[in-house]
Amino acid sequence: MEKKLMPEDGIAGKFISTCKDENGILNAIEFHNHENFNFAYDIVDVLGKEQPDRLAMLHLSNEKEERRFTFKDIMEGSSKAANMFVNLGIKKGDRVMLVLKRHYQFWYSIIALHKIGAIAIPTTHLLVQHDFEYRFKAGNVTAIVATGDNGIPEIVDAADKGTVKIKITTGSGREGWHNFNEELEKCSAEFPKPADYSCGKDPMLMFFTSGTTTYPKITVHNYLYPLGHFITAKYWNRVNRDGIHLTISDTGWGKALWGKLYGQWLCEAAIFTFDFNSFSAKEILQLIEQYHITTFCAPPTVYRVMIRLNMKKYDLSSLEYVTTAGEAMNAEVSCKFTEATGLPVMEGFGQTETTLIIGTLDGMTQKPGSMGKPNPLYKVQLHNQDGSEVKRGEIGEVVIDTSAIPNGLFCGYYNDEERTNMVWYDGFYHTGDTAYEDKDGYFWYVGRVDDMIKSSGYRVSPLEIEDEIMKLPYVLECAVTSVPNPIRGQEIKATVVLTEDKQPSEECKEEMFSFFKKNIADYKLPKIIDFVKELPKTISGKIRRAAIKDADWNDKK
């Protein structure tokens, strides 16, 4: 049966047509008139002119100072920033690092860079000096726009070594640095589109990956990348055009562009941003209640903390839809959140190199712990090591068919053809993540290729054991890894963070071992429990099983 594609409603319909199956679930997407697409001119400026008073962002500073930005404000603010950047010497093709936490100046800056044709490099403020120095050099960074808040000494010390020519900060009084706020107000709110403006397949954005075991790779995206996030926002986040969406993410991470910019504004929906210095789940719940947040997305870590609170204390009735991504969500955590709120947590999976690859999209029935089904934007397969497809129910690596390159897939790693070819070859992009597909076509995350444990001849996924451990009410977080065993080759270890009301003890271990024996198959039983105050994580918040495993294996050698 031929799929009938229809233009989407609103501004997105100029570039995107979609089709739904008989159950109302999205099953096809097509892009048109997009060869010259530039998000800044085609979305932000058009909305600024056609819907000038529509709310684009409700912003709270760390001190709870409230600012409301309309699309006209974003259009004019980004044009001022573009004029300021050009006046300071930033030009098309330059690489500009943005280290702006959740400051409102981030949105002005990134849209301004799109208008100029300079390449934006969003980066977290949590790095130390040598991290910045590496990134400046590896990315050939021309200019930096940085926060004036705490953390800037690390940035300043790295930038002042002379590798960065143009330095701008939201603070003041820094020798050799331009003041963003002061210089912005001197500039015109009009920035005419250049005749040779950047668009389509031109490079637009660069992201450094987490780099947990090697130096970070630099992912490059083009101007078609924002279009790939339409599905992320409308069919996964399910943003409400007349509501307000909150994604928990620092602007230095790719997840911010999933949930705090492109897709949401393609759907003409407002975003909520809280520029906090330290995370508090209680505070986030209070803000959801106070500002009537309608859609919410956060990493599993946030949900793990929330379910340990008395969520009944908060009026969350404004919430219509909640989602999660960043790492696998334990089914137990998902179910407890649903029990407290009545809302299923719709999981999604993607990478810095992609948009949403797999997700529980609008109209799908949620299966707690499942990633959902492939986004119709991507042709997803599960492969064996020899490149053949696995049978349904078998574990395989998630790969994307690139015979037709989808909008949203990265262009490659910057100045690193060798590493690009290591993951993109034979017509497929290899994610390095494994999963299996159930009888209903839902995908279930298993782990990174290197996370798999081989014990007593069996291949074991750490996630399925972690799911069971998280059922214990006094377990806040856990990570399952292997340790060497002279007979079995490997045995299984659980590294556990307890809640504040439970103390580590031998009695606690015995209680946990007793639970394991009743609920976990013998070949998957953890033989070792290690209590810790916190798990090693990447600076983006993902649990680093590899760090635990490396410490154990290197200690035994």
Where is the tightest heavy-atom contact between Cys267 and Lys234, given as atom of each residue plus distance?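 So the minimum-distance heavy-atom pair works out to SG-CB, 3.6 Å.
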Quick check: closest heavy atoms across Arg95 and Asn140, and the distance to 0.1 Å?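 For Arg95 and Asn140, the tightest heavy-atom pair comes out as NE-O, 2.9 Å.
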Less than 6.0 Å separating the ring centroids of Tyr134 and His130?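 Judged by ring-centre distance (under 6.0 Å), Tyr134 and His130 do not meet the cut-off.
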Side chains of [X] and [Y]: donor-acceptor distance under 3.5 Å anywhere?
| X | Y | value |
| --- | --- | --- |
| Glu183 | Asn87 | no |
| Asn237 | Thr323 | yes |
| Glu133 | Gln129 | yes |
| His59 | Thr273 | no |
| Thr219 | His221 | no |

Nearest 0.5 Å, please: how far is [atom2] in [Y] from [atom1] in [X]?
| X | Y | atom1 | atom2 | answer |
| --- | --- | --- | --- | --- |
| Thr481 | Lys493 | OG1 | NZ | 5.5 Å |
| Asn83 | Lys186 | CG | NZ | 14.0 Å |
| Arg304 | Phe337 | CZ | CZ | 14.0 Å |
| Phe349 | Asn375 | CZ | CG | 12.0 Å |
| Phe276 | Asn62 | CZ | CG | 9.5 Å |
| Met75 | Thr70 | CE | OG1 | 8.0 Å |

Just wondering, do [Y] and [X] contact through their side chains at under 4.5 Å, heavy atoms?
| X | Y | result |
| --- | --- | --- |
| Tyr108 | Phe69 | yes |
| Tyr104 | Ser61 | no |
| Met204 | Asn222 | no |
| Gln286 | Ser280 | no |
| Pro300 | Asn330 | no |
| Lys217 | Glu353 | yes |
| Asp275 | His103 | yes |
| Trp107 | Trp265 | yes |

Check whether any side-chain N or O of [X] sits under 3.5 Å from a backbone N or O of [Y] as a donor-acceptor pair, and report yes or no.
| X | Y | result |
| --- | --- | --- |
| Ser249 | Ala256 | yes |
| Lys260 | Thr247 | yes |
| Thr324 | Glu347 | no |
| Tyr378 | Thr355 | yes |
| Asp131 | Val128 | yes |
| Thr434 | Val449 | no |
| Thr232 | Trp258 | no |
| Glu466 | Val480 | yes |
| Asn179 | Thr169 | no |

Anything under 30° is parallel, anything over 60° is perpendicular, the rest tilted; go ahead and classify Tyr262 against His229.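 The arrangement is parallel - the two ring planes meet at less than 30°.
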Could you work out, with side-chain contact (heavy atoms from CB on, under 4.5 Å) as the rule, every residue matching Lys137, not counting sequence neighbours?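 Per chain and number, Lys137 pairs via side-chain contact (heavy atoms from CB on, under 4.5 Å) with no residue.
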Other residues, nucleotides, ligands: >12 heavy atoms within 6.0 Å of [X] [atom1]:
| X | atom1 | result |
| --- | --- | --- |
| Glu283 | CD | yes |
| Lys549 | NZ | yes |
| Glu66 | CD | yes |

Where do His34 and Tyr223 land on the side chain to side chain contact (heavy atoms under 4.5 Å, CB included) test, with the steps shown first? CA-CA 9 Å; His34 64 288; Tyr223 279 81; over 6 Å; no
Going by an N to O cut-off under 4.0 Å, is there a salt bridge joining [X] and [Y]?
| X | Y | answer |
| --- | --- | --- |
| Arg545 | Glu327 | no |
| Lys101 | Asp149 | yes |
| Lys537 | Glu477 | yes |

Tell me, with the steps shown, if Leu100 and Phe180 meet side chain to side chain contact (heavy atoms under 4.5 Å, CB included). CA-CA 11 Å; Leu100 288 167; Phe180 184 102; 5.8 Å; no
Tell me, with the steps shown, if Leu98 and Leu113 meet side chain to side chain contact (heavy atoms under 4.5 Å, CB included). CA-CA 10 Å; Leu98 303 178; Leu113 296 177; 4.0 Å; yes
On the ring face of Phe274, is Arg102 found with NZ or CZ under 6.0 Å from the centre and within 45° of the axis?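 No - Arg102 does not lie over the ring of Phe274 by the 6.0 Å and 45° rule.
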Not counting sequence neighbours, which residues clear side chain to side chain donor-acceptor pair (under 3.5 Å) with Asn181? List them please. Gln105
Can you give me every donor-acceptor pair (side chain of residues 37-44, partner residue at least two apart or in another chain, under 3.5 Å) with its distance?
unit_1, atom_1, unit_2, atom_2, d
Asn38, OD1, Ala40, N, 2.9
Asn38, OD1, Tyr41, N, 3.4
Asn38, ND2, His114, O, 3.0
Asn38, ND2, Ser198, O, 2.8
Tyr41, OH, Lys115, O, 2.8
Asp42, OD2, Asn38, N, 2.9

